[in-house]
A.B. asks: 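Shown below is the structure under consideration.
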Amino acid sequence: MSSVDTSKIPNSLQEHWMPFTSNKDFKENPRLITGAKGVYLTNHLGKTMIDASSGLFCNPFGHGRKEITEAVAKQLEQLDYCQPFQQGFGGSFELATKISRHTPGNLNRIFYTICGSTAVETAIKIAIAYHRAKGDGQRFRFIGRERGYHGMNIGAVSVGGMVNNIKTFASILMPGVAHMRHTHLPEHKFISGQPTTGIELADDLERIAANFGAENIAACIVEPIAGSTGTLVPPKGYLKRLREICDKHGILLIFDEVITGWGRTGSAFASQEFGVTPDIITMAKATTNGVVPMGVVACKEEIYDAVMDAAPKGAVELFHGYTYSGIPVAVAAALAVQDIIEKDDIFNRAKEMAPYFQKGLFTLKDIDVVENIRGYGMMGGIDMKTNIKPGKAGFECFKTCYEVGVNFKATGDCLIIAPQFICEKKHIDEIIDKLRTGILKYSKNIKN
Ligand SMILES: Cc1ncc(COP(=O)(O)O)c(C=O)c1O
């Protein structure tokens with residue numbers, strides 16, 4: 001008789017088609033999470049695991065934050081929903097003011113969306129609307145980057161550079177998109193922080209501009225640090241050069257900070273961390289500590305002004321929005337997060353913990369099956385040697401680590417590590433110790 005307690009498994013796992021999941025594998029061997037508190041998760045077997053990736057980079061302020069729960073409950077009692085078109089409520093304006101205090105430069109105009117993908121899609125539409133408003137309607141091209149991840153709607157997949165997504169949906173992607181090369185070079189081995197080589201990869205933008213006509217390009221979108229493909233840190237000077245090329249040609253620069261926003265690098269945004277101000281920033285995830293879906297687009301004031309000025313008074317200036325754009329419950333969670341950021345001095349906390357985390361992460365470099373490690377701030381990627389089928393090493397290693405009590409996400413053969421900002425040194429130690437145990441156990445299994 002099996003000793004496994006199946007009482008927390010629902011009667012059937014078949015009906016739910018799970019996202020980005022090996023459904024067949026999962027349903028044979030489910031991993032159900034039943035509780036979360038602070039930096040720990042509990043699964044249906046009653047086992048406690050440390051959360052080494054803040055969910056999907058969403059919960060850096062810790063699971064089960066009472067302040068957020070209470071704010072959401074209170075909001076639901078007072079005003080559960082209010083339509084966001086031609087109507088509003090005070091909270092969304094208050095939140096926009098608070099967000100704009102953290103955004104760099106004059107990115108002070110805030111548009112709410114539902115998630116990261118819709119934030120990216122909105123940024124794309126705002127870029128188009130801006131150029132049209134300025135009489136530059138021919139600017140329809142977008143430039144993304146290989147190994148970029150911007151989400152899963154058509155716009156986001158089009159500008160993204162994840163091979164499997166692009167291959168699968170090639171027939172329905174946006175026209176006019178070109179991709180720069182990614183910034184990961186073979187010599188970038190076991191580097192914590194910014195590589196010193198590779199700045200010239202930014203010149204891909206210049207080259208694409210020359211090939212397609214710079215006057216036809218609406219915007220260039222990049223993640224300042226590519227997160228989902230394993231912390232690809234920009235080479236020194238790279239983002240600044242992108243900024244210069246965009247300025248030269250009137251191309252808008254969009255930073256997708258869905259992962260790097262709200263402290264992951266140790267600054268509010270990677271933009272401030274790297275000293276480069278884009279025209280538009282997208283954010284999501286940590287905006288609400290991941291508990292209620294919400295995306296945000298912050299734009300320079302002149303972008304907003306141009307779109308406003310182009311429309312007659314009384315007309316809808318931007319034909320875009322979502323039923324759930326900045327709904328009260330999401331705003332309540334985000335306002336509670338703003339309080340936590342202030343009260344707990346979150347960005348400084350992340351900045352102070354980052355060197356300790358980075359040091360710990362790179363102690364794993366001696367493990368035979370570890371191919372490479374990259375890191376910046378409170379994020380890191382561990383590439384596993386791909387000695388079987390691509391993607392298999394990452395998935396198998398993830399499952400072994402889950403068994404030993406450390407949870408994270410694997411993308412392909414890269415383990416994505418992004419501890420919560422509330423981690424103390426002992427939690428970082430636990431993450432690193434368990435990663436070592438799990439990776440070694442995995443490596444023993446593949447050798448047998
Ligand atoms: C940089 C980046 N942009 C956009 C997205 C898409 O966000 P969502 O899954 O909330 O739509 C993600 C998700 O991981 C992301 O990492």
Side-chain angles (χ1 to χ4, degrees), residues 18-21 53-60 111-127 142 144-162 164-166 169 174 177 179-180 182-183 219-234 239 253-265 269-271 273-274 278 280-298 322 324-327 330 333-334 337 374 376-381 408-412 414-418:
M18 298 171 72
F20 271 129
T21 296
S53 58
S54 307
L56 289 177
F57 295 96
C58 322
N59 331 112
F111 195 101
Y112 296 114
T113 74
I114 316 165
C115 58
S117 305
T118 48
V120 168
E121 182 111 337
T122 299
I124 288 172
K125 288 185 177 165
I126 287 176
F142 285 84
R145 193 171 60 189
E146 295 166 358
R147 291 186 73 168
Y149 182 71
H150 299 292
M152 283 313 292
N153 51 25
I154 305 294
V157 174
S158 303
V159 293
M162 301 275 267
N164 281 338
N165 299 343
I166 290 188
F169 303 112
M174 263 164 52
V177 178
H179 291 81
M180 303 178 289
H182 62 73
T183 59
C220 168
I221 177 166
V222 291
E223 301 163 83
I225 299 175
S228 292
T229 50
T231 309
L232 308 185
V233 185
L239 294 173
L253 181 60
I254 305 171
F255 278 179
D256 183 352
E257 297 228 33
V258 163
I259 284 176
T260 50
W262 301 121
R264 189 50 68 189
T265 61
F269 293 92
S271 163
E273 182 73 10
F274 297 125
I280 300 177
I281 288 180
T282 53
M283 54 195 103
K285 296 193 189 268
T287 310
T288 61
N289 201 32
V291 302
V292 187
M294 178 177 233
V296 176
V297 183
Y322 302 98
Y324 301 103
S325 281
I327 54 166
V337 162
R374 293 169 297 274
Y376 195 102
M378 290 294 274
M379 59 197 284
F408 51 82
K409 176 185 187 297
T411 305
C414 185
L415 318 183
I416 311 284
I417 311 300

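For ligands, and for the atoms within them, numbers begin at 1 and follow the listed sequence. Note that the structure is predicted; figures quoted are calculated from it, not measured.
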A.B. asks: Give me the one residue out of Val296, Val337, Val292, Val258 that meets side-chain contact (heavy atoms from CB on, under 4.5 Å) with Thr287.
C.D. replies: Val296
A.B. asks: Is the shortest side-chain heavy-atom distance between Pro60 and Met378 below 4.5 Å?
C.D. replies: no
A.B. asks: Is ligand 1 less than 4.0 angstrom away from at least one heavy atom of Ser228?
C.D. replies: yes
A.B. asks: Out of Phe255, Tyr149, Phe57, indicate the one that has the non-hydrogen atom closest to atom 2 (C) of ligand 1.
C.D. replies: Tyr149
A.B. asks: Who's the nearest protein heavy-atom neighbour of atom 16 (O) of ligand 1, and how far?
C.D. replies: Ile259 CD1, 3.1 Å
A.B. asks: Is a side-chain N or O of Arg147 found less than 3.5 angstrom from the main chain of Thr229, in a donor-acceptor match?
C.D. replies: yes
A.B. asks: Among all protein heavy atoms in this structure, tell me which lies nearest to atom 8 (P) of ligand 1, with the distance rounded to 0.1 Å.
C.D. replies: Gly116 N, 3.5 Å
A.B. asks: Could you tell me, atom by atom, which parts of ligand 1 come under 4.0 Å of a heavy atom of Glu223?
C.D. replies: 1 (C)
A.B. asks: Is it the side chain, the backbone, both or neither of Lys285 that has a heavy atom closer than 4.0 Å to ligand 1?
C.D. replies: side chain
A.B. asks: Please say which of Ile221, Val222, Leu232 ends up in a side-chain contact (heavy atoms from CB on, under 4.5 Å) with Arg145.
C.D. replies: Val222
A.B. asks: Side chain or backbone of Ser117 under 4.0 Å from ligand 1, or both, or neither, by non-hydrogen atoms?
C.D. replies: both
A.B. asks: So, regarding Asp256 and ligand 1 (criterion: nitrogen or oxygen to nitrogen or oxygen, under 3.5 Å), is there a contact or not?
C.D. replies: yes
A.B. asks: Backbone N or O of Ser271 within a donor-acceptor pair of the Glu257 side chain at under 3.5 Å?
C.D. replies: yes
A.B. asks: Closer than 3.5 angstrom, by distance alone: can the side chain of Arg264 be matched with the main-chain N or O of Met379 as a donor-acceptor pair?
C.D. replies: no
